[in-house]
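What follows is a structure written as structure tokens; I'll ask about it next.
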Amino acid sequence: MGWPGGWKRKLSVFAVCSLLLTPVTGAEPRTPAELASLVVQDCGSCHGMTLKGGLGPPLRPDNLEQLPAEAIAAIIREGVPDTAMPPWKPLLAPEEIDWISRQLKAGALVSPQ
Ligand code: HEC
């Protein structure tokens, strides 16, 4: 007798889901240094290595004055539809995105010139 399908199959579905989720939730959160270099390299490829703009607009504190940190976080999470700005939520945890937003507001990731 027993259950149709059985618990073993449920267990293996669970195992596969946990595996797939690992890169998103991340076993180890990225350190601030890792996040800072991700911003310079990955965001910098469009926004400029010094965040002064390129394909994407500049991301210096002066440029972001109108945007509260939460709005910046929402843009990073979801991207801007129909533009080159991609959604980052598959790659970055919400707390990492919040951290990046606050650093951008503070101008803490790039030198001041
Ligand atoms: C493939 C190119 C590309 C990459 C990579 C990219 N962006 Fe963007 N980003 C853009 C473009 C283009 C826009 C302008 C969208 C528009 O027209 O509103 C934009 C807009 C933004 C805005 C809104 C700026 C404003 O003044 O409205 C923020 C904030 C932002 N990006 C942050 C980031 C961050 C942080 C990263 C890295 C995690 C990143 N972007 C990576 C292309 C990119």
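Atoms within a ligand are numbered from 1 in the order they appear, just like the ligands themselves.
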Hphob cluster co-occupancy, Val80 + Leu55, side-chain heavy atoms under 4.5 angstrom: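 No, because Val80 and Leu55 fall into different hydrophobic clusters, even though each may have its own neighbours under 4.5 Å.
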
Under 3.5 Å donor-acceptor, Arg60 side chain and Gly53 backbone: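 Side chain of Arg60 to backbone of Gly53, a donor-acceptor pair under 3.5 Å: no, none is there.
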
Gap between atom CD1 of Ile75 and atom CD1 of Ile97 - 0.5 Å precision: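 Separation between the atoms: 12.0 Å.
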
From Ile72 atom CD1 to Arg102 atom CZ, the distance as rounded to the nearest 0.5 Å: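 Taking CD1 in Ile72 and CZ in Arg102, the distance rounds to 11.5 Å.
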
Salt bridge present between Lys105 and Glu70 (N-O < 4.0 angstrom):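 So Lys105 does not pair with Glu70 through a salt bridge.
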
Pairwise distance CG(Leu109) to SG(Cys43) - rounded to 0.5 angstrom: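 Going from the CG atom of Leu109 to the SG atom of Cys43 covers 8.5 Å.
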
Just the distances, no angles: every ligand 1 N or O to protein N or O pair closer than 3.5 Å, one line each.
residue: ligand 1; atom: 7 (N); partner: His47; partner atom: NE2; Å: 2.7
residue: ligand 1; atom: 9 (N); partner: His47; partner atom: NE2; Å: 2.8
residue: ligand 1; atom: 31 (N); partner: His47; partner atom: NE2; Å: 2.9
residue: ligand 1; atom: 40 (N); partner: His47; partner atom: NE2; Å: 2.8

